[in-house]
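Notes to accompany the following structure.
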Amino acid sequence: MQSSRSESPAELARLVVDIGNTTTTLAIFAGDDEPFVESVQSTLFGDSGAMRDVLSKLFRQHSAPCAIAICSVVPAAAATGSALLESLFSVPVLHIGATLRLPFKLDYATPHTFGADRLALCAWSSHLFAGKPVIAVDIGTAITFDVLDAAGTYRGGLIMPGIDMMSGALHSRTAQLPQVRIEKPASLLGRSTEECIRSGIFWGVVKEIEGLIDAIADELIREDGASSVEVLVTGGNSHLIAPELGAVSLIDELAVLRGTDLLLRMNL
Ligand SMILES: Nc1ncnc2c1ncn2[C@@H]1O[C@H](COP(=O)(O)OP(=O)(O)O)[C@@H](O)[C@H]1O
Ligand SMILES: CC(C)(COP(=O)(O)O)[C@@H](O)C(=O)NCCC(=O)O
Ligand SMILES: [K+]
């Protein structure tokens with residue numbers, strides 16, 4: 001792949017892939033411009049034939065990448081995907097993990113099991129809110145909370161089932177409950193089976209997240225004397241839920257991708 005001599009790595013195109021348990025998102029970053037983004041079902045990313053089509057479409061309008069990073073929580077898809085990308089672009093693929101140079105201190109008992117998406121989200125959160133405590137919430141297949149203190153030290157997190165997982169589990173683990181599409185209910189109290197499920201999951205998740213954010217912020221204020229705590233919300237369901245939450249500093253569905261790109265540039 002030829003590139004002009006004058007461009008620094010930050011200017012050259014970087015391909016960043018976020019493989020979640022539901023959605024795989026591919027982004028092309030160049031300089032500090034907003035990335036060009038394509039999303040596919042993660043089940044597709046394991047199918048190299050289908051992925052060739054997605055990648056050829058993606059790179060029809062863009063120069064080939066000078067650097068590639070994969071942020072994956074699905075090992076099989078990451079293996080297939082990186083082999084495909086390395087063969088297509090002859091560029092080594094960086095896999096996001098705890099052994100990389102990080103912009104924060106990862107204090108986790110099992111760093112090798114820490115989700116790459118949570119790592120990338122913490123990297124971006126620490127970059128965005130340097131010097132402040134931050135709670136990063138990813139409302140995706142699962143819902144995760146990750147907490148950094150003002151000194152940029154990881155303080156811990158929480159993992160809970162995501163919205164579709166809850167709706168799916170109610171249907172698959174009971175004899176009579178239907179699978180319900182979750183959107184904002186018309187009222188708090190349901191007056192039908194479908195309304196009760198929709199309201200139970202939607203408002204249950206809102207109150208769980210709100211309550212946990214408040215409890216975490218109280219702990220940081222009590223233990224660290226923090227004056228205020230930033231809250232960053234991301235994930236496929238962030239735009240559904242975040243508007244119902246109290247003080248959210250920022251909603252950014254691309255936060256994991258931006259953190260992956262930051263880690264790629266820090267580890268080039
Ligand atoms: N295009 C979409 N439109 C509406 N909801 C979506 C879309 N893509 C994902 N979602 C919702 O987001 C959830 C997945 O979150 P996401 O963060 O995309 O996945 P992952 O956990 O794989 O990173 C899905 O369960 C679904 O509820
Ligand atoms: C918790 C997760 C499944 C969330 O992934 P997602 O919802 O994005 O698919 C992922 O971060 C993961 O596989 N974590 C590994 C365990 C850990 O983070 O400690
Ligand atoms: K995610």
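Counting convention: from 1, in listed order, for ligands and their atoms alike. In this chain, residues are counted from 1 in sequence order. This structure is a prediction, so every number in the text was calculated from the model and none was measured.
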| same_hphob_cluster(F59, L44) at 4.5 Å side-chain heavy-atom cutoff |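 Hydrophobic grouping puts F59 with L44.
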
| With no hydrogens and no angle check, do the side chains of T22 and T141 hold a donor and an acceptor under 3.5 Å apart? |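 Looking only at side-chain atoms, T141 and T22 do form a donor-acceptor pair, the distance falling under 3.5 Å.
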
Closest by any non-hydrogen atom to [atom]: pick that one out of [options].
{"atom": "atom 19 (O) of ligand 1", "options": "T23, T144, I143", "value": "T23"}
{"atom": "atom 7 (O) of ligand 2", "options": "G115, A142, C71, G140", "value": "A142"}
{"atom": "atom 4 (C) of ligand 2", "options": "D117, V256, V73, L119", "value": "D117"}

| Any side chain to side chain donor-acceptor pair (under 3.5 Å) pairs touching residues 153-170, not counting sequence neighbours? |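 Matches after skipping sequence neighbours: R118-Y154, D146-Y154, D149-R155, R155-E223, R155-D224, S167-Q179.
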
| request: State which residues pass side-chain hydrogen bond (donor to acceptor under 3.5 Å, both in side chains) with S72; sequence neighbours excluded, sorted by chain then number. | output: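 Per chain and number, S72 pairs via side-chain hydrogen bond (donor to acceptor under 3.5 Å, both in side chains) with no residue.
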
Any atoms of ligand 2 less than 4.0 Å from a non-hydrogen atom of [X]? List them with their elements.
{"X": "N21", "value": "3 (C), 5 (O), 6 (P), 9 (O)"}
{"X": "T113", "value": "15 (C), 16 (C), 17 (C), 18 (O), 19 (O)"}
{"X": "R118", "value": "11 (O), 17 (C), 18 (O), 19 (O)"}

| said: How long is the straight-line distance from CG of L100 back to CG of L263, given to the nearest 0.5 Å? | reply: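 If we round to the nearest 0.5 Å, L263:CG and L100:CG are 6.5 Å apart.
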
| N or O pair under 3.5 Å between T144 and ligand 2 |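 Min N/O separation from ligand 2 is not below 3.5 Å for T144.
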
| message | Checking the N or O distance criterion of under 3.5 Å, is ligand 2 in contact with T22? | response |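 No, there is no polar N/O contact under 3.5 Å.
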
| request: Identify the residue among V17, V37, V16 that makes a side chain to side chain contact (heavy atoms under 4.5 Å, CB included) with T25. | output: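 Running side chain to side chain contact (heavy atoms under 4.5 Å, CB included) over V17, V37, V16 with T25 returns exactly one hit, V37.
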
| What atoms of ligand 1 come within less than 4.0 Å of a heavy atom belonging to T141? |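 That gives atoms 14 (C), 15 (O), 19 (O), 20 (P), 21 (O), 22 (O) of ligand 1.
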
| said: Out of all atoms in ligand 1, which are within 4.0 Å of some heavy atom of G235? Include the element for each. | reply: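 The list of qualifying atoms is 17 (O).
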
Side chain or backbone, does [X] bring an N or O within less than 3.5 Å of an N or O on ligand 1?
{"X": "D18", "value": "no"}
{"X": "G140", "value": "no"}
{"X": "N237", "value": "yes"}

| request: In plain terms, say whether E34 and R258 are close enough for a salt bridge, that is, a side-chain N and a carboxylate O under 4.0 Å apart. | output: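 R258 and E34: salt-bridged.
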
| query | Would K57 and D53 pass as an ion pair if we require N to O under 4.0 Å? | reply |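 Looking at D53 together with K57, the answer is no, because their closest N to O distance does not fall below 4.0 Å.
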
| query | Quick one: are S56 and R60 in side-chain contact, heavy atoms under 4.5 Å? | reply |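 In short, these two side chains touch, coming nearer than 4.5 Å.
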
